[in-house]
A.B. asks: 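I'd like to ask some things about the structure below.
Just so we're on the same page: letters track the sequence lines, and every chain starts at 1. Keep in mind it's a predicted model, so treat the numbers as computed, not measured. Side chains included, hydrogens not; waters and symmetry mates left out as well; all remaining heavy atoms used.
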Number of protein chains: 2
Amino acid sequence: MKRSGRRPGNQDTRSSILDAARRTFAEKGYDKASIRAIAGDAGVDPALVHHYFGTKEKLFLAAMNAPINPGELIPQALSGPREQAGDRLIRLVLSVWDSPAGTAALAMFRSALSNEWTARLLREFVITQILRRAVAELVLDPDEAPLRSTLVATQIAGLMVARYVLKLEPLASAGIDTLAAAIGPNVQRFLDDPMPEVFKSPGA
Amino acid sequence: MKRSGRRPGNQDTRSSILDAARRTFAEKGYDKASIRAIAGDAGVDPALVHHYFGTKEKLFLAAMNAPINPGELIPQALSGPREQAGDRLIRLVLSVWDSPAGTAALAMFRSALSNEWTARLLREFVITQILRRAVAELVLDPDEAPLRSTLVATQIAGLMVARYVLKLEPLASAGIDTLAAAIGPNVQRFLDDPMPEVFKSPGA
DNA sequence: CGATGAGTTCAACACGTGATGAATTCCAAA
DNA sequence: TTTGGAATTCATCACGTGTTGAACTCATCG
């Protein structure tokens, strides 16, 4: 028959490579995370990484594919009173990114800041999966949704940059309650405070 | 005597190298801006860059040193009614970054996002020259100044990332008036809206 | 004129990178 | 026990990087 030879057996290594990849991408970004460093972190020969995942781009995609699944988080952000949506968003974002499951998200973000290809990836992912599918739901006027949701993204991206990349104190070690109380209302204002009429036209 | 040999003559090249360096650093960030690319953009041999500036780090410092001088901008941000300080800050930041003089600032920012050394540089510069010297002046309670000024930095950094790095639409092509009207009030709120009492303790 | 030294270029080194393909180990099916 | 094929490693390639030092050009001074 066709089936013969060694069974897939030790597939721990494959997932330990993925873990190391997520860690390293999150810490150094796409470009500076070398295949050799990832392999070293996983205790494995660099060539094995290529054997499993082919190219570095495919490895990155494989490392992102599994854990980034906002399907469960989005309802959590949408449920509850809409007057506290900003507060809820900040808490959600911070709790996800501070958790081990947020490593992939941090890897994606850090990479997108320095690499064009991953920037395109993040842009498409954020726009189609997050902004249009969740944040836009919170905006009443659909004409204003694109700009308003991008403004929310602005505040959240800035929080990420200051806290996780530039590590500006005292914000980097501030607690989640403090940040939610400070930033939540501003996100809320981006969602539903009245804005000038220029907002309706796309190329304002 | 000591003086002999060819006079400095054509010193255009030195400043054209600096211009090319600022352009390239702004476009690609510190790491991906190769000496060869900078030299090529200036129409010059790569070795000449080393002859003038020694190392790549020194070239970066030289490219940043001249044009980054917030001494004139800070009074502009502080003058005027304090209720419109947020609006003024956003307008100032956008007008500076969109102008050719803002190339150095954009170079600094892009580099800090992907390189540890330049991140330290930007952190020290921003904290000592911008936040403590200008934004903190706008905060009434000195105990709250550190966190409040960092929050302002959060919103501004996020605007930069979304507009210049990720290029999220429609924000990337939005006009300065739209953005000032949308974001200014949020900056204002970071400056002087009442905040929970946790703010006073540094490690909140 | 001839010497000096700045402006400029050329060729090369040492290094780290992503990637490739042959070689080796080793389990499980026949 | 033989053997096929997956798991894993080794050696190597081609390339781009920052950096270096020797060589060349040439305007100016003595």
Side-chain angles (χ1 to χ4, degrees), chain A residues 1-21 24-25 27-63 107 110-111 114-118 121, chain B residues 1-22 24-25 27-64 107 110-111 114-118 121:
Chain A
M1 295 298 291
K2 284 187 174 182
R3 292 312 181 86
S4 162
R6 187 184 198 171
R7 285 272 145 269
N10 198 10
Q11 104 175 46
D12 291 347
T13 51
R14 192 192 152 94
S15 64
S16 82
I17 290 177
L18 282 177
D19 281 349
T24 315
F25 281 135
E27 197 179 330
K28 316 206 182 196
Y30 183 82
D31 294 307
K32 307 188 103 170
S34 66
I35 297 274
R36 284 168 170 84
I38 293 172
D41 190 27
V44 150
D45 190 276
L48 192 58
V49 178
H50 280 105
H51 175 258
Y52 274 127
F53 301 99
T55 171
K56 189 182 179 182
E57 296 196 352
K58 288 183 189 168
L59 169 64
F60 185 80
L61 290 176
R110 279 204 91 121
S111 298
S114 56
N115 180 278
E116 261 305 314
W117 174 69
T118 55
L121 240 57
Chain B
M1 295 297 292
K2 284 186 174 180
R3 292 312 183 85
S4 165
R6 188 183 197 171
R7 287 273 144 268
N10 199 9
Q11 112 174 46
D12 290 346
T13 51
R14 191 192 153 94
S15 65
S16 82
I17 289 177
L18 283 178
D19 281 350
R22 275 187 286 270
T24 315
F25 282 135
E27 196 179 329
K28 316 209 182 192
Y30 183 83
D31 293 307
K32 307 188 103 172
S34 67
I35 297 274
R36 284 170 170 83
I38 294 172
D41 191 27
V44 151
D45 191 275
L48 193 59
V49 178
H50 281 103
H51 172 61
Y52 275 128
F53 301 99
T55 170
K56 188 182 181 183
E57 297 196 351
K58 287 182 190 170
L59 170 64
F60 185 80
L61 291 177
M64 297 301 114
R110 278 206 92 120
S111 298
S114 56
N115 180 277
E116 261 304 316
W117 175 68
T118 54
L121 239 58

A.B. asks: Roughly how far, to the nearest 0.5 Å, is the CD atom of Glu27(A) from the NZ atom of Lys32(A)?
C.D. replies: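 One gets 11.5 Å once the value is rounded to the nearest 0.5 Å.
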A.B. asks: Check whether any side-chain nitrogen or oxygen of Thr55(A) sits under 4.0 Å from OP1 or OP2 of dA19(C), and answer yes or no.
C.D. replies: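 So the side-chain polar atoms of Thr55(A) do come within 4.0 Å of the phosphate oxygens OP1 or OP2 of dA19(C), strictly under.
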A.B. asks: Grab the CG-C1' distance between Asp12(A) and dA7(D) for me, whole Å please.
C.D. replies: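 Roughly 13 Å, once rounded to whole Å.
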A.B. asks: Rounded to whole Å, please give me the gap between NZ in Lys56(A) and C1' in dC15(D).
C.D. replies: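 Result: 15 Å.
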A.B. asks: Would you kindly give the NZ-to-P distance between Lys58(B) and dG18(D), to the nearest whole Å?
C.D. replies: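 Interatomic distance, NZ of Lys58(B) to P of dG18(D): 16 Å.
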A.B. asks: In sequence, state the C-alpha distance, the side-chain angles, and the governing distance for Val49(B) and Lys56(B), and then conclude on side chain to side chain contact (heavy atoms under 4.5 Å, CB included).
C.D. replies: CA-CA 9 Å; Val49(B) 178; Lys56(B) 188 182 181 183; over 6 Å; no
A.B. asks: Calculate the interatomic distance between Tyr30(B) atom OH and dG18(D) atom P; express it in whole Å.
C.D. replies: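 After rounding, the gap between these two atoms is 8 Å.
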A.B. asks: Calculate the interatomic distance between Arg14(A) atom CZ and dA7(D) atom P; express it in whole Å.
C.D. replies: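 Taking CZ of Arg14(A) and P of dA7(D), I get 10 Å after rounding.
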A.B. asks: Taking OP1 and OP2 of dT8(C), is either one under 4.0 Å from a side-chain nitrogen or oxygen of Thr13(B)?
C.D. replies: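 Yes.
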A.B. asks: What's the OH-P distance between Tyr52(B) and dG7(C), to the nearest Å?
C.D. replies: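 Computing the Tyr52(B):OH to dG7(C):P distance gives 4 Å.
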A.B. asks: With rounding to the nearest 0.5 angstrom, report the CD1 to CZ distance, Ile17(B) to Phe53(B).
C.D. replies: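 It is 5.5 Å, given to the nearest 0.5 Å.
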A.B. asks: Would you say that more than 12 heavy atoms from the other residues, nucleotides or ligands in this model lie under 6.0 Å from the NZ of Lys28(B), or not?
C.D. replies: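 Open.
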A.B. asks: Which parts of residues 32-50 of chain B get close to DNA chain C, meaning a heavy atom less than 4.0 angstrom away?
C.D. replies: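 Within residues 32-50 of chain B, the residues near DNA chain C are Arg36(B), Asp45(B), Ala47(B), Leu48(B).
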A.B. asks: What is the ring orientation for Phe60(B) with Phe25(B), classed by angle as parallel under 30°, tilted 30 to 60°, or perpendicular over 60°?
C.D. replies: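 The arrangement is perpendicular - the two ring planes meet at more than 60°.
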